[in-house]
Amino acid sequence: VSAIAKKFFDEHAFDKESEWWIDFDTRGNITHKKIVYRSPELKGKTIEFWITYNEKGCETNYKRNDGFEYWCTYNKDGNISHYWDTNGYSEDFLYYQGVVHCTTSNGDKIKCVYDKDKNIPITIYNFS
């Protein structure tokens with residue numbers, strides 16, 4: 001792997017507050033990140049997470065070193081259909097005539113208009 005490609009796919013950086021390492025897949029998606037804090041109030045605290053993606057590049061699993069984890073499944077069009085996490089929270093997504101309906105395990109109902117003609121999948125980040 002050339003030095004330029006290596007720089008793109010693995011990153012190590014730091015500032016006065018923290019030091020971090022990031023690994024990327026061939027699409028440029030973050031697959032792993034580790035952060036070690038340096039600030040006096042957080043000195044030595046480490047946060048680390050791993051992300052996996054499906055063949056379309058959509059996030060399917062996120063796992064953090066503190067035990068938190070979530071999963072996502074997608075419909076045939078590549079749009080998110082279900083999200084659930086280790087806290088017991090979940091979201092279900094239904095698509096109808098250019099409107100996505102999200103129902104949460106808390107009983108919330110969210111509606112968003114989307115452009116179904118664009119080839120961009122709907123993910124959990126459209127609702128964050």
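Both backbone and side-chain heavy atoms feed into the values below; hydrogens, waters and symmetry mates do not.
- The closest donor-acceptor contact from the side chain of Ser90 to the backbone of Trp84 lies at 3.5 Å or more, if one exists at all.
- Counting only distance, with no hydrogens or angles, the side chain of Thr52 and the backbone of Thr60 share no donor-acceptor pair below 3.5 Å.
- Listed by chain and number, the residues in a ring pair (Phe, Tyr, Trp, His ring centres under 6.0 Å) with Trp21 are His12 (sequence neighbours excluded).
- Taking the six-membered ring where the residue is Trp, Tyr70 and Tyr83 present tilted rings, their angle falling between 30° and 60°.
- Asp77 places none of its side-chain heavy atoms less than 4.5 Å from the side chain of Tyr95.
- Scanning for ring pair (Phe, Tyr, Trp, His ring centres under 6.0 Å) contacts around Tyr74 gives an empty result, with sequence neighbours left out.
- The salt bridge (Lys or Arg N to Asp or Glu O under 4.0 Å) analysis of residues 63-73, with sequence neighbours excluded, yields the pairs Arg64-Asp66.
- With sequence neighbours excluded, no residue forms a side-chain hydrogen bond (donor to acceptor under 3.5 Å, both in side chains) with Tyr62.
- Of the possible donor and acceptor atoms, none in the side chain of Asn87 sits under 3.5 Å from a partner among the backbone N and O of Tyr89.
- Using a 4.5 Å heavy-atom threshold, the side chains of Trp20 and Glu11 count as touching.
- Through side-chain heavy atoms spaced under 4.5 Å, either directly or across other Ile, Leu, Val, Met, Phe, Trp or Tyr residues, Leu94 is tied to no other residue.
- Contact detail for Ile80 and Cys72: the closest heavy-atom pair is CD1-SG, 3.9 Å.
- Listed by chain and number, the residues in a side-chain hydrogen bond (donor to acceptor under 3.5 Å, both in side chains) with Ser18 amount to none (sequence neighbours excluded).
- Nearest heavy-atom pair, Ile30 versus Lys33, reported as atom, atom and distance to 0.1 Å: CG2-CB, 4.4 Å.
- Proximity of a side-chain donor or acceptor of Thr31 to a complementary backbone N or O of Asp23 within less than 3.5 Å is detected.
- The stretch residues 45-54 participates, sequence neighbours left out, in no salt bridge (Lys or Arg N to Asp or Glu O under 4.0 Å) pair at all.
- Residue Cys58 comes nearest to Gly78 through the heavy atom pair SG-O, 3.9 Å, listed as atom of the first residue, atom of the second, then distance.
- Closest approach of Ser105 to Gly88, counting heavy atoms only: OG-O, 3.9 Å.
- Every residue two or more places apart in sequence or in another chain that forms a side-chain contact (heavy atoms from CB on, under 4.5 Å) with Thr103 is listed here: Lys109.
- Note that CZ of Phe24 and CD1 of Ile51 are 10.5 Å apart. Values are rounded to the nearest 0.5 Å.
- Applying the side-chain contact (heavy atoms from CB on, under 4.5 Å) test to Phe14 and every residue at least two apart in sequence or in another chain returns Glu19, Arg38.
- Under the 4.5 Å side-chain heavy-atom criterion for grouping Ile, Leu, Val, Met, Phe, Trp and Tyr, Leu42 is connected to Ile47 within one hydrophobic cluster.
- Looking only at distances, no side-chain donor or acceptor of Asn106 sits under 3.5 Å from a matching main-chain atom of Asp108.
- For Tyr53, there are no ring pair (Phe, Tyr, Trp, His ring centres under 6.0 Å) partners at least two apart in sequence or on another chain.
- For Asn54, there are no side-chain hydrogen bond (donor to acceptor under 3.5 Å, both in side chains) partners at least two apart in sequence or on another chain.
- Proximity of a side-chain donor or acceptor of Asn65 to a complementary backbone N or O of Thr46 within less than 3.5 Å is detected.
- For Glu55, the side-chain hydrogen bond (donor to acceptor under 3.5 Å, both in side chains) criterion is met by no residue, not counting sequence neighbours.
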